[in-house]
Amino acid sequence: VQLQASGGGLVQAGGSLRLSCTVSGRTFSYNTIGWFRQAPGKEREFVAVSTRTGGATYYADSVKGRFTISRDNAKNTVNLQMDSLNPEDTAVYYCAAHGVGSYYTYRSYNYWGQGTQVTVSS
């Protein structure tokens with residue numbers, strides 16, 4: 001499985017960005033895809049996940065109500081719409097394919113994209 005994340009950039013507080021993760025190498029509908037982020041000096045943390053059928057989505061409390069994860073099975077992509085961004089959202093964002101175990105820990109994901117930088121200025 002290969003994943004390619006894109007869409008990061010610099011935005012002012014209160015602004016929006018849309019990240020995309022394109023998945024290849026395996027039938028997309030079989031993949032549960034998650035988004036994680038990692039700020040300098042911090043551990044990689046869970047942001048959101050879309051289950052393989054797209055029927056369930058889960059979010060970290062810190063982004064609930066501001067971020068929306070969605071998937072387009074026809075395009076093999078999982079998108080992360082990020083609204084009302086604040087400086088605490090600044091991090092490198094990664095998409096990953098879930099293996100086994102909890103959705104909420106990076107240890108359960110065994111394929112990763114290269115990451116895309118999101119910087120929110122105050």
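Starting from 1, each residue takes its place in the sequence as its number. Being a predicted model, the structure only gives us computed values, none of them experimental.
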Quiz item: Taking atom CE of M82 and atom CG of D89, what is their separation to the nearest 0.5 Å?
Solution: 7.5 Å
Quiz item: Taking side chain as C-beta onward, heavy atoms only, is I33 less than 4.5 Å from V23?
Solution: yes
Quiz item: Looking at side-chain heavy atoms only, is the closest gap between R52 and N31 below 4.5 Å?
Solution: no
Quiz item: Between Y106 and F36, is the gap from one ring center to the other below 6.0 Å?
Solution: no
Quiz item: Taking side chain as C-beta onward, heavy atoms only, is V92 less than 4.5 Å from T116?
Solution: no
Quiz item: Where do V63 and R37 land on the side chain to side chain contact (heavy atoms under 4.5 Å, CB included) test, with the steps shown first?
Solution: CA-CA 12 Å; V63 307; R37 65 186 182 187; 4.0 Å; yes
Quiz prompt | Verdict with supporting geometry, Y111 and L3, side chain to side chain contact (heavy atoms under 4.5 Å, CB included) | solution = CA-CA 7 Å; Y111 297 98; L3 300 98; 3.6 Å; yes
Exercise. Give a yes or no on whether F46 and I69 share a hydrophobic cluster (residues Ile, Leu, Val, Met, Phe, Trp, Tyr; joining criterion: side-chain heavy atoms under 4.5 Å apart).
Key: no
Quiz item: Heavy atoms, side chains only, cut-off 4.5 Å: are V120 and V118 in contact?
Solution: yes
Exercise. For the residue pair Q117 and T119, confirm or rule out a side-chain donor-acceptor distance under 3.5 Å.
Key: yes
Self-check item: Donor-acceptor pair, side chain of T51 and main chain of A56, under 3.5 angstrom
Solution: yes
Self-check item: V49 side chain reached by W35 side chain, heavy atoms, under 4.5 Å
Solution: no
Quiz item: Counting distance only, does the side-chain N/O of T68 pair as donor-acceptor with the main-chain N or O of Q81 below 3.5 Å?
Solution: no
Quiz item: Is there a side-chain contact between Q114 and S6, using heavy atoms and a 4.5 Å cut-off?
Solution: no
Exercise. Check whether any side-chain heavy atom of T32 sits under 4.5 Å from a side-chain heavy atom of Y103, and report yes or no.
Key: yes
Quiz item: Does S84 offer a backbone N or O that forms a donor-acceptor pair with the side chain of R66 under 3.5 Å?
Solution: yes
In a table with atom names and distances, give each donor-acceptor pair under 3.5 Å that connects a side chain of residues 95-102 to protein atoms at least two apart or in another chain.
residue: H98; atom: NE2; partner: G101; partner atom: O; Å: 2.8
residue: S102; atom: OG; partner: Y104; partner atom: N; Å: 3.0

Exercise. Tell me whether the guanidinium CZ or amine NZ of R44 lies under 6.0 angstrom from the six-membered ring centre of Y94 and within 45° of its axis.
Key: yes
